[in-house]
Amino acid sequence: MLYQQIQSNKRRTIVLLVAFFVLVALVGAAVGYLLLDSLVYGVVAAIIIGVIYTAIMISNSTAVVMAMNHGQEITNADQQPELWHAVEDMAMVAQVPMPRVFVIADESPNAFATGNDPKHAAVAATTGLLRIMTRSELEGVIGHEMSHVRNYDIRISTIALALSAAITLLTNIGGNWWFWGSGERRRDNDRNNSGGLQAILMIFSILMMVLAPLAAAAVQMAISRNREYLADAGSVELTRNPQGLISALRKLGGAEPMQDVDPSSAALYISNPLKNKEHLFDTHPPIEERIARLEKM
């Protein structure tokens, strides 16, 4: 059952990543038409920007993400023994290298994993998590994060974050160019060369500028939700104790939002660090649904 879930989630994630790259190309086409009268140049530029953003994030993901979330690295068990030993034990069971360990000074309980691959992974936990979790609950949370590491979810999340940033950059470029003079020149050209194709391309470009960030958020949400369910199941496989994670999720579900979290990395956390109520573009499944799935295992 778990193996089938893993394979199904991997297939869905591949489809979603392909959709993300297609979305980047469409945004590029829209920006290229607005700026250069060329769909092709825009697509090429967008793909180049997406690849550059992805390469930068993959090569420096731990440093970038930890800096954005104010993570402080601990280098031995004496600094945070409970956290260190939980990470060490779960890494051993998952058969992955010991990741770097970070602590975030925030009283809201939460945790996340990041990195390019298991050899370059890092796990972070908030001081609030360490304060309220029992040993079995902490192992359930760290087992969840170690499943992300083992399944290469950390790389997938990094790519999704980079592509979202690329789409934001492209839409900002297109929007600023349109509002600061190019739009008026474009409307003059359309009046002089009025035609159905020009009108369609103009409508397409404007719609992409408006809707692309929402579409990117939706795709990132779908990727994250697929991987959260899988990591929950992986935690149970590692700990052999579903009650530990179930109890931890109940505590996480009633927690207050984090005080100083970076919104672009919210999808990395085990639970939504920004707010308590779910909405359409949440990157996490509802806590109640995750608990219900675990109780059936």
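Under the 4.5 Å side-chain criterion, counting only non-hydrogen atoms from C-beta, Tyr152 is in contact with Asp117. No side-chain heavy atom of Leu26 sits less than 4.5 Å from a side-chain heavy atom of Val43. Under the 4.5 Å side-chain criterion, counting only non-hydrogen atoms from C-beta, Phe21 is not in contact with Ile47. Contact of the Thr62 side chain with the His120 side chain is not registered, since no non-hydrogen atoms from C-beta on lie closer than 4.5 Å. For the pair Tyr53 and Leu163, the minimum side-chain heavy-atom distance is 4.5 Å or more. Proximity of Glu289 to Pro286: side-chain heavy atoms (C-beta onward) are separated by under 4.5 Å at one or more points. Between Ile159 and Phe20 the shortest side-chain heavy-atom distance does not fall below 4.5 Å. Residues Val27 and Met209 meet the side-chain proximity criterion, which asks for heavy atoms closer than 4.5 Å.
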**OP:** Check the pair Gln80, Val103 against side-chain contact (heavy atoms from CB on, under 4.5 Å), reporting the backbone distance first and the verdict last.
**Re:** CA-CA 9 Å; Gln80 288 285 350; Val103 173; 3.9 Å; yes
**OP:** Go through the steps to decide whether Leu129 and Leu252 satisfy the test side-chain contact (heavy atoms from CB on, under 4.5 Å), and finish with yes or no.
**Re:** CA-CA 9 Å; Leu129 184 91; Leu252 293 170; 4.1 Å; yes
Subject >> Worked verdict on Asn151 versus Ile156 for side-chain contact (heavy atoms from CB on, under 4.5 Å) >> reply: CA-CA 10 Å; Asn151 297 337; Ile156 292 168; over 6 Å; no
**OP:** Output, in order, the C-alpha distance, side-chain angles, deciding distance and verdict of side-chain contact (heavy atoms from CB on, under 4.5 Å) for His70 and Phe102.
**Re:** CA-CA 9 Å; His70 313 291; Phe102 291 76; over 6 Å; no
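Placement of Val40 and Val22 in two distinct hydrophobic clusters is found when ILVMFWY residues are connected by side-chain heavy-atom separations under 4.5 Å, directly or transitively. In the hydrophobic clustering of ILVMFWY residues, with side-chain heavy atoms under 4.5 Å counting as a link, Met92 and Val123 come out apart. Hydrophobic clustering (side-chain heavy atoms under 4.5 Å, transitive across Ile, Leu, Val, Met, Phe, Trp, Tyr) keeps Val24 apart from Val51. Residues Ile104 and Leu274 fall within the same hydrophobic cluster, defined by Ile, Leu, Val, Met, Phe, Trp and Tyr side chains chained together at heavy-atom separations under 4.5 Å. The hydrophobic cluster containing Val31 does not contain Val44, counting ILVMFWY residues as joined when their side-chain heavy atoms lie under 4.5 angstrom apart, directly or transitively.
Here Glu88 contributes atom CD and Ile142 contributes atom CD1; the two are 12.5 Å apart, rounded to the nearest 0.5 Å. Atom CE in Met258 sits 10.5 Å away from atom CD in Glu107 (nearest 0.5 Å). One finds the CG atom of Asn110 at 6.0 Å from the OG1 atom of Thr126 (value rounded to the nearest 0.5 Å). With values rounded to the nearest 0.5 angstrom, Asn241 atom CG is found 8.5 Å from Ser235 atom OG. For the atom pair CG (Asp260) and CG (Asp106), the distance works out to 8.0 Å, reported to the nearest 0.5 Å. For the atom pair His144 NE2 and Leu249 CG, the distance stands at 8.0 Å (nearest 0.5 Å).
Minimum interatomic distance between Met133 and Ala248 (heavy atoms only, all atoms of both residues): CE-O, 3.7 Å. Closest approach of Ala255 and Ser108 over heavy atoms only: CB-OG, 4.1 Å. Here the closest non-hydrogen pair linking Pro99 and Met146 is CG-CE, 4.0 Å. Across all their heavy atoms, Val93 and Leu238 have their closest contact at CG1-O, 3.5 Å. In plain terms, the two heavy atoms of Trp84 and Thr75 that are nearest each other are CH2-O, 3.4 Å. Contact detail for Asp153 and Ser147: the closest heavy-atom pair is OD2-O, 4.4 Å.
Electrostatic pairing of Asp89 and Arg135 counts as a salt bridge here, judged by a charged N lying under 4.0 Å from a carboxylate O. A salt bridge is defined here as a Lys NZ or Arg NE, NH1 or NH2 lying under 4.0 Å from an Asp or Glu carboxylate O, and Arg150 with Glu145 fails to meet this definition. One finds no salt bridge joining Arg131 and Glu137 here, because no Lys/Arg side-chain nitrogen approaches an Asp/Glu carboxylate oxygen to under 4.0 Å.
Environment of CD in Glu295: crowded, with over 12 heavy atoms of neighbouring residues, nucleotides or ligands closer than 6.0 Å. Heavy-atom neighbours of Glu73 CD from other residues, nucleotides or ligands within 6.0 Å: above the threshold of 12. A 6.0 Å sphere centred on CD of Gln79 holds more than 12 heavy atoms belonging to other residues, nucleotides or ligands. More than 12 non-hydrogen atoms from other residues, nucleotides or ligands lie less than 6.0 angstrom from CZ of Phe204.
Checking each of Val149, Val65, Val64 against Thr114 for a side-chain contact (heavy atoms from CB on, under 4.5 Å) leaves exactly one that passes, namely Val65. Partner of Ile167 under the side-chain contact (heavy atoms from CB on, under 4.5 Å) criterion, chosen from Ile49, Leu23, Asn172: Leu23. A side chain to side chain donor-acceptor pair (under 3.5 Å) with His148 is found for one member of Arg227, Glu228, Arg155 and no other, namely Glu228.
Checking Asp262 against Ser265 by side-chain atom types alone, a donor-acceptor pair falls below 3.5 Å. A donor atom on one side chain and an acceptor atom on the other are not found under 3.5 Å apart for Thr239 and Glu139.
Distance alone, capped at 3.5 Å, is enough to place a donor-acceptor pair between the Lys251 side chain and the Ile132 backbone. Not a single donor-acceptor pair under 3.5 Å links the side chain of Ser247 to the backbone N or O of Gly244. Checking side-chain atoms of Asn76 against main-chain N and O of Asp78 turns up a donor-acceptor pair under 3.5 Å.
Geometric assessment of Arg290 against the ring of Tyr229 yields a negative cation-pi assignment under the 6.0 Å and 45° thresholds.
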